[in-house]
Novice: 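This is the structure I have questions about; it appears just below.
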Number of protein chains: 2
Amino acid sequence: MPRRVDHRERRALIADALMRVAAEQGLEAVSLRHVAAAAEVSAGMVQHYFRTRDEMMTFALAVVSERNEARVRRAVEALGATPAPRALLRAMLAALLPLDEERRADGRVALAFLAYTAVRPAVAAALHGETTALLAFVAGQIAAGSPLVADGRVDPERAAVGLLAVMEGLGVHVLGGHYPPETALAALDAQLDLLFAPG
Amino acid sequence: MPRRVDHRERRALIADALMRVAAEQGLEAVSLRHVAAAAEVSAGMVQHYFRTRDEMMTFALAVVSERNEARVRRAVEALGATPAPRALLRAMLAALLPLDEERRADGRVALAFLAYTAVRPAVAAALHGETTALLAFVAGQIAAGSPLVADGRVDPERAAVGLLAVMEGLGVHVLGGHYPPETALAALDAQLDLLFAPG
DNA sequence: CCCTTTACATTGCGACTGTATTGCAAAAGG
DNA sequence: CCTTTTGCAATACAGTCGCAATGTAAAGGG
């Protein structure tokens, strides 16, 4: 039966199991054997598609990034053509917040990877690029949509850094159980109110 | 020579070594033997002061909290009596940002614990209480110092959540190397500008 | 039809983990 | 002086880890 399998599919299947393990027990519980058990395959198969544990981790990190990217894309597309900057930003950022159980699980994994890459700078490239790209886009939307930019009361770059930080911080706090998702969403709206306030 | 040792001191010494290991290699590298080596003591001694690894971890988590608390306290005290709300908040939040190497190291450990507790809710109490207390205090300062509160354009509670989230997010991004500390500080100031803007 | 390649499964190895156990020296209390 | 307690060291143990090596069944190419 060999020769007929799709490598990408298998790797995705394994990465999926990895993320389930990581979401429930943390990245330190991610071992070849645990992942294999979660995927209901043999440990040998996992080793066949990922020659080392690091390779598997790096792949999973890329999957996390792609999932978030896809989430943002879907949220934006749902808005139709030429949405207002504020609505666009709200949709994007809300899509990245851990507001339902699926995003909570992914968020826990992402948080674990944040700590993971903070100690392994070599692997950090994936998340780094993502943030940088988002930053530029957000700054553009703020420049285009905030009335406070014209009179110099808001600097788009700085405001973008702040807005993305708000999102990240709200996510972390919600994952830590410090307050419920609704509170985070309300705070995000308040932040957008501040940024797009008239006068 | 026994009977003459200060338990708290020894535990602090060991916790210090633990944090060095965690800051450099992550929490998953924190083992009895590694910590013992970093503290330059025998593994038996570590075991003498912490009966289990979990006990050691919980203690270290408390140390992280206390260090941050102390940092905030010092920053506030340096301001003298009755500081303006905005200056007070800036000093507090800047003290919690990873702006120098010492705070970067502590920040990496704190980030690791964030991911750690996200998966072990039983241990999360320490960080939870800290955030809640900070939240209330920050809300009070905003209520007292922001001109935007009077006319209802800023809700102190929501703004406090946002402000603390900005701080957390900036910290995470700096630790991830997404931008330099100066950028984070500038974004924090911009956020305070927004919150305390006249008119 | 053979033979190479692919897709696994199994097994084994050395290193490391947390924890329990045991041993022993030194100080303090009676 | 002697006994108990304390502080620590060393060792043993069962389990898990990543990874390498090996075996085997099946499909496709020549």
Side-chain angles (χ1 to χ4, degrees), chain A residues 1-22 24-61 109 112-113 115-117 119-120 122-123, chain B residues 1-22 24-61 109 112-113 115-117 119-120 122-123:
Chain A
M1 194 213 283
R3 195 60 177 282
R4 204 75 129 228
V5 296
D6 180 356
H7 264 235
R8 287 191 313 160
E9 180 193 310
R10 293 277 200 229
R11 286 166 79 99
L13 178 97
I14 294 171
D16 220 65
L18 186 157
M19 293 192 51
R20 260 177 284 140
V21 172
E24 287 171 21
Q25 320 189 51
L27 272 192
E28 56 178 74
V30 170
S31 70
L32 293 183
R33 292 161 176 84
H34 279 162
V35 171
E40 293 180 40
V41 301
S42 77
M45 172 160 160
V46 173
Q47 203 171 184
H48 182 68
Y49 288 100
F50 298 100
R51 285 181 301 184
T52 78
R53 186 186 117 110
D54 274 345
E55 195 178 313
M56 188 170 65
M57 291 298 218
T58 304
F59 185 83
L61 178 55
V109 180
F113 268 117
Y116 185 80
T117 58
V119 154
R120 286 166 192 76
V123 203
Chain B
M1 196 211 285
R3 195 59 177 284
R4 207 72 131 231
V5 297
D6 180 357
H7 264 234
R8 286 192 313 161
E9 181 193 309
R10 292 275 200 232
R11 286 164 79 98
L13 178 97
I14 294 171
D16 221 65
L18 186 157
M19 293 191 50
R20 260 177 282 139
V21 172
E24 288 170 20
Q25 320 188 53
L27 273 192
E28 58 177 73
V30 170
S31 70
L32 292 183
R33 292 159 176 84
H34 277 163
V35 171
E40 293 182 43
V41 301
S42 76
M45 171 159 160
V46 173
Q47 204 172 181
H48 182 69
Y49 288 100
F50 298 101
R51 285 182 300 187
T52 77
R53 187 187 119 110
D54 274 345
E55 196 179 312
M56 186 168 68
M57 291 298 219
T58 304
F59 185 83
L61 177 54
V109 179
F113 268 116
Y116 185 79
T117 58
V119 153
R120 285 164 192 78
V123 204

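Numbers restart at 1 for each chain; the letters A, B, ... are given by sequence-line order, proteins then strands.
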Novice: When you check the phosphate oxygens OP1 and OP2 of D/dG7, does a side-chain N or O of B/Arg10 lie under 4.0 Å from one of them?
Specialist: no
Novice: Looking only at heavy atoms, what is the nearest atom pair of A/Ala12 and A/Phe59, with distance?
Specialist: N-CE2, 4.2 Å
Novice: So, for A/Tyr116 and A/Arg53, which heavy atoms are closest and what is the spacing to 0.1 Å?
Specialist: CE1-NH2, 4.4 Å
Novice: Hey, can you pull the residues of residues 36-43 of chain A with a non-hydrogen atom under 4.0 angstrom from DNA chain C?
Specialist: A/Ser42
Novice: Atom CG of A/Leu13 and atom C1' of C/dC8: how far apart are they, to the nearest Å?
Specialist: 14 Å
Novice: Looking at every heavy atom in both B/Val21 and B/Ala29, which two are closest together, and how far apart are they?
Specialist: CG1-O, 3.7 Å
Novice: Heavy atoms under 4.0 Å is the rule here; annotate nucleotides 15-24 of chain D 5' to 3' with B where the base is hit, S where only the sugar-phosphate is, and - elsewhere.
Specialist: --BBBB----
Novice: Rounded at 0.5 Å granularity, tell me how far CG in A/Leu32 sits from CD1 in A/Ile14.
Specialist: 10.0 Å
Novice: Is A/Val35 close to A/Met56 at the side-chain level, that is, under 4.5 Å between some pair of heavy atoms?
Specialist: yes
Novice: Which pair of heavy atoms, one from A/Arg20 and one from A/Ala38, lies closest together, and at what distance?
Specialist: NH1-O, 3.3 Å
Novice: Whole Å only: how far is the CE atom of B/Met45 from the C1' atom of D/dT11?
Specialist: 19 Å
Novice: Kindly give the heavy-atom pair with the smallest separation between A/Met19 and A/Val109, and that separation in Å.
Specialist: O-CG2, 3.6 Å
Novice: Counting just side-chain N and O atoms, does A/His7 come under 4.0 Å of either OP1 or OP2 of C/dA7?
Specialist: yes
Novice: Rounded to whole angstroms, how far apart are CZ on B/Arg8 and P on D/dG7?
Specialist: 15 Å
Novice: In whole angstroms, how far is the C1' atom of C/dA7 from the CG atom of A/Asp6?
Specialist: 14 Å
Novice: What heavy-atom pair brings B/Gln25 and A/Arg120 nearest, and what distance separates the two atoms?
Specialist: O-NH2, 4.1 Å
Novice: Between atom CD1 in A/Ile14 and atom P in C/dC8, what is the gap in whole Å?
Specialist: 9 Å
